[in-house]
Amino acid sequence: MKVWEIGEQQGLGSLRAATRPEPETTRGHAIIKVRASALNHRDLMIIAKRYGANVRPETRVPLSDGAGEVIAIGEGVTDVKIGDRVVANMFADWTEGAWVPGLFGADYGNTIDGWATERLSAPARSLAKIPDHLSWEEAATIASAGVTAWNILEPFGHLKAGDTVLALGTGGVSVWGLQLAKAAGARVIITSSSDQKLAKVKALGADIGINYKTTPDWDKAVLDATHGAGADIVLETVGTGTLTRSINAAAFNGRIGMVGGLDAGQPQLFGLVAKNAVLGGITVGNRRMLVDMLKSVGAAKIKPAVDKVFAFDDMPKAYAYLESAAHIGKVVVRHD
Ligand SMILES: NC(=O)c1ccc[n+]([C@@H]2O[C@H](COP(=O)([O-])OP(=O)(O)OC[C@H]3O[C@@H](n4cnc5c(N)ncnc54)[C@H](OP(=O)(O)O)[C@@H]3O)[C@@H](O)[C@H]2O)c1
């Protein structure tokens with residue numbers, strides 16, 4: 001079967017095509033015929049040796065996110081059956097409960113082989129069934145970006161209808177946040193470097209768009225748009241470089257879920273005290289959150305924003321497109 005490998009991890013040129021034997025059915029694992037996979041910002045970091053402990057073999061198959069059909073199951077597998085349409089939680093062993101660092105030991109596309117393959121042998125405990133209304137390409141976007149946005153909004157953010165949610169940029173996590181928040185009855189403000197992208201996210205339901213290039217004081221613009229109240233929940237997808245403004249833009253008792261490593265700075269944190277606001281670091285989520293999110297996506301019939309779909313053989317082009325940041329939402333690869 002065909003796979004992609006991360007190679008020497010010196011940047012995009014390291015990605016290499018390879019073939020390897022079909023996976024064998026083993027205890028506790030399901031074999032998945034992969035139908036689609038999706039890219040995340042961290043896949044760019046992994047391929048450039050800028051993510052985690054950087055002890056991955058050159059033969060590691062990348063990508064934490066994908067969707068496919070179960071075609072075989074090993075002994076002891078009861079969670080899924082042949083024919084099920086599934087996605088996997090990014091941390092295969094984080095089924096529920098609190099985060100512990102040891103979970104990095106089974107991280108798809110990083111410490112275990114990921115979804116850039118025709119067939120994947122996946123620990124069955126990590127799998128969850130996908131709602132019928134989602135195409136393979138749409139379902140492939142869920143595991144990292146979708147669950148991260150869900151974790152910020154729901155378990156961490158305690159989102160209620162009528163809340164104001166602020167999402168930074170129009171990448172995968174932010175646009176998932178927009179779609180989940182709108183489905184829950186929130187008002188959503190989103191920022192972007194591009195007016196064209198803002199027009200597109202407005203078509204997806206965003207109530208207010210702010211161009212952070214032409215409006216560098218975007219935090220003040222958020223306060224103006226909310227008559228001084230600020231955002232109840234902030235998806236801080238950029239990093240410590242924007243954190244001071246995110247705190248300024250937050251409401252009293254607001255929740256700021258921090259995930260981003262795109263821009264570093266020296267944030268001023270006293271606003272958290274003045275606002276009785278909560279800043280939390282978010283590490284994707286557990287399988288319980290994935291299952292809860294899938295229920296909500298199914299009930300609200302959310303169609304995730306897929307920007308562009310590439311062919312499996314064009315995987316390097318998909319990486320280059322993500323790196324160009326021309327996308328809104330998700331960059332996806334179809335595995336025919
Ligand atoms: N901790 C976790 O569990 C977790 C999980 C998922 C992702 N992440 C992190 O979250 C971040 C976003 O990931 P992603 O996959 O959604 O990325 P992505 O799809 O590549 O999106 C990146 C977008 O961020 C926006 N952006 C960049 N710099 C910005 C700035 N200074 N101010 C406002 N927006 C800015 C840009 O939007 P515009 O083009 O619209 O300006 C850009 O397109 C990354 O750092 C990623 O590593 C962390």
Side-chain angles (χ1 to χ4, degrees), residues 38-48 50-52 63-65 89-91 94 99 101 103-104 107-110 141-152 155-156 166-179 189-202 204 206 209-219 221-222 234-246 249 256-265 267 280-286 289-290 304-308 318-332:
L39 277 65
N40 290 284
H41 186 79
R42 85 162 190 157
D43 298 311
L44 298 171
M45 299 169 78
I46 286 173
I47 203 91
R50 288 192 290 111
Y51 187 83
L63 304 188
S64 56
D65 292 16
N89 199 52
M90 188 174 117
F91 293 107
W94 195 13
W99 163 256
L103 293 165
F104 263 116
D107 176 11
Y108 284 104
N110 179 22
T141 70
I142 288 170
S144 175
V147 174
T148 302
W150 175 266
N151 191 353
I152 296 173
F156 173 73
L166 169 64
L168 303 190
T170 58
V173 177
S174 288
V175 173
W176 253 117
L178 157 68
Q179 295 188 284
I189 304 175
I190 193 160
T191 69
S192 178
S193 56
S194 151
D195 288 341
Q196 286 80 7
K197 288 185 175 186
L198 287 174
K200 286 186 186 169
V201 288
K202 279 190 182 165
L204 288 171
I210 302 169
N211 186 320
Y212 63 83
K213 292 277 185 209
T214 54
T215 309
D217 290 343
W218 52 265
D219 48 335
V222 172
V234 182
L235 292 110
E236 181 33 284
T237 54
V238 179
T240 47
T242 46
L243 186 54
T244 305
R245 289 190 191 276
S246 287
I256 303 161
M258 170 118 188
V259 297
L262 299 172
D263 186 16
I282 300 290
T283 304
V284 198
N286 62 32
M289 295 177 201
L290 168 65
V306 173
D307 181 290
K308 202 163 178 178
Y319 270 72
Y321 184 66
L322 182 76
E323 192 173 58
S324 77
H327 65 291
I328 69 151
K330 297 301 299 180
V331 178
V332 171

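Whatever order the structure lists them in is the order used to number ligands and atoms, beginning at 1.
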For ligand 1, find out whether one of its N or O atoms is nearer than 3.5 Å to an N or O atom of [X].
X	value
Ser144	no
Ser192	yes
Thr191	no
Leu322	no
His327	yes
Leu168	no
Met45	no
Val284	yes
Thr170	yes

Could you check whether any heavy atom of [X] sits closer than 4.0 Å to an atom of ligand 1, since that is the contact criterion I want to use?
X	result
Ser194	no
Lys213	no
Ala145	no

Could you name the option among Lys330, His41, Arg245, Met258 that has the heavy atom nearest to atom 17 (O) of ligand 1?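 Answer by nearest heavy atom: His41.
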Which one of Leu44, Thr283, Leu262 has a non-hydrogen atom at the shortest distance from atom 27 (C) of ligand 1?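 Checking each option, the heavy atom nearest atom 27 (C) of ligand 1 is found in Leu262.
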Looking only at protein heavy atoms, which one is nearest to [atom], and how far off is it?
atom	answer
atom 16 (O) of ligand 1	Val173 N, 2.9 Å
atom 4 (C) of ligand 1	Val259 CB, 3.9 Å
atom 29 (C) of ligand 1	Tyr212 OH, 3.4 Å
atom 12 (C) of ligand 1	Thr237 O, 3.7 Å
atom 21 (O) of ligand 1	Gly171 CA, 3.1 Å

Is it true that Phe104 and Trp94 have ring centroids separated by less than 6.0 Å?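 No - the distance between ring centres of Phe104 and Trp94 does not fall below the 6.0 Å cut-off.
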I'd like to check atom 33 (C) of ligand 1 in this structure: does the protein have a heavy atom lying under 4.0 Å from it?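 Flag for atom 33 (C) of ligand 1 set to true, protein heavy atom closer than 4.0 Å.
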Below 4.0 Å, non-hydrogen atoms only: which portion of Ile328 touches ligand 1? Side chain, backbone, both or neither.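 None of Ile328 does.
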Proximal atoms of ligand 1 relative to Gly261 (non-hydrogen, under 4.0 Å):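 So the atoms of ligand 1 that pass are 45 (O).
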